[in-house]
Amino acid sequence: MSTGIYTAMMGARAQEHALETVNNNLANLNTPGFKRQDTMYREIHNDVSKMDSPLQGEDIHSPVRFLPEDRIAGVMEERFSHFDQGPLKQTGNDLDVALQGEGFFVLQGPTGNRFTRAGNFALTPDGTLVSQNGASVLDDQNQP
């Protein structure tokens, strides 16, 4: 098969990942505490000394062949969040809290602690501070 098809496919996959990231950012635009994400790519075959190595495609999970003549440009390595400070706004709810600067609220999850910057909390009938989905907010001693 033509190496151009492999290169085009990898470019299309990179665009697919980029569109997924943009779609996620747009879908969560008004979600309290949401931090936008971005993608990072890395080149394949950027080390000429590995061109004939059977390990040249190591750690790449893709159904394409990895031959020196393919010269595939790159693959998505990871998605990451930007932790820039977002705008703060008054909600009028005494249980809505915002973090300015670094940090996270710690929530009690089913399999361990979860971290969030969304500070729109509520109280249970017994007075426990919880997130909108009912997870207990933990203090600095990991207690609700």
Side-chain angles (χ1 to χ4, degrees), residues 1-48 50-51 55-144:
M1 192 179 284
S2 170
T3 60
I5 290 174
Y6 287 113
T7 303
M9 184 207 56
M10 292 304 282
R13 294 224 8 164
Q15 288 301 313
E16 177 185 21
H17 292 301
L19 285 172
E20 287 173 357
T21 303
V22 168
N23 183 44
N24 184 52
N25 289 341
L26 288 174
N28 289 289
L29 189 62
N30 293 318
T31 302
F34 177 75
K35 296 298 181 186
R36 73 180 172 92
Q37 293 184 329
D38 211 341
T39 51
M40 184 180 303
Y41 298 87
R42 78 176 154 95
E43 288 183 34
I44 300 176
H45 301 307
N46 60 348
D47 184 356
V48 177
K50 291 184 179 179
M51 290 298 226
L55 302 177
Q56 63 190 358
E58 191 173 31
D59 297 327
I60 304 298
H61 305 291
S62 180
V64 300
R65 60 191 180 135
F66 293 95
L67 301 174
E69 62 269 16
D70 286 340
R71 308 281 194 259
I72 298 172
V75 294
M76 186 181 82
E77 187 167 84
E78 67 176 306
R79 280 195 176 95
F80 62 94
S81 297
H82 289 272
F83 289 98
D84 305 335
Q85 180 66 44
L88 301 178
K89 66 179 183 178
Q90 286 283 56
T91 64
N93 183 347
D94 291 338
L95 296 177
D96 285 351
V97 183
L99 293 173
Q100 188 166 5
E102 297 179 358
F104 291 92
F105 297 109
V106 182
L107 305 177
Q108 187 172 39
T111 59
N113 292 349
R114 295 176 32 216
F115 300 92
T116 184
R117 287 186 59 91
N120 48 340
F121 300 122
L123 287 176
T124 63
D126 68 354
T128 303
L129 189 65
V130 296
S131 68
Q132 291 299 308
N133 64 359
S136 295
V137 179
L138 302 180
D139 62 16
D140 56 358
Q141 306 295 315
N142 279 334
Q143 298 299 314

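Between A135 and Q108, the shortest heavy-atom contact is CB-O, 3.6 Å. Pairing each heavy atom of R79 with each of T21, the nearest pair is NE-OG1, 2.7 Å. Between D38 and H82, the shortest heavy-atom contact is CB-NE2, 3.4 Å. R117 approaches K35 most closely through the heavy-atom pair NE-CE, 3.4 Å. Summarising the geometry of L88 relative to A98, their closest heavy-atom pair is CD2-CB, 3.5 Å, with the distance given to 0.1 Å.
Side chains of F80 and M40 form a contact here, defined as non-hydrogen atoms less than 4.5 Å apart. The side-chain heavy atoms of P144 and L138, taken from C-beta on, include a pair separated by under 4.5 Å. Counting only heavy atoms from C-beta outward, the side chains of F115 and V106 approach each other to under 4.5 Å. Counting only heavy atoms from C-beta outward, the side chains of N93 and F121 never approach each other to under 4.5 Å.
Screening N28, L26, V22 for a side chain to side chain contact (heavy atoms under 4.5 Å, CB included) involving N24 leaves a single residue, N28.
Annotation for E78: atom CD counts as buried by contact number, over 12 foreign heavy atoms lying within 6.0 Å. Heavy atoms of other residues, nucleotides or ligands lying less than 6.0 angstrom from CG of D94 number 12 at most.
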Under the side chain to side chain contact (heavy atoms under 4.5 Å, CB included) criterion, do L129 and L123 qualify, and how do the steps go?
CA-CA 5 Å; L129 189 65; L123 287 176; 4.1 Å; yes
May I have the step-by-step check of side chain to side chain contact (heavy atoms under 4.5 Å, CB included) for V137 and V130, ending in yes or no?
CA-CA 5 Å; V137 179; V130 296; 5.6 Å; no
Is there a side chain to side chain contact (heavy atoms under 4.5 Å, CB included) between R114 and N133 once you walk through the steps?
CA-CA 12 Å; R114 295 176 32 216; N133 64 359; 3.4 Å; yes
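Distance CZ/R36 to CG/N25: 7.5 Å, rounded to 0.5 Å.
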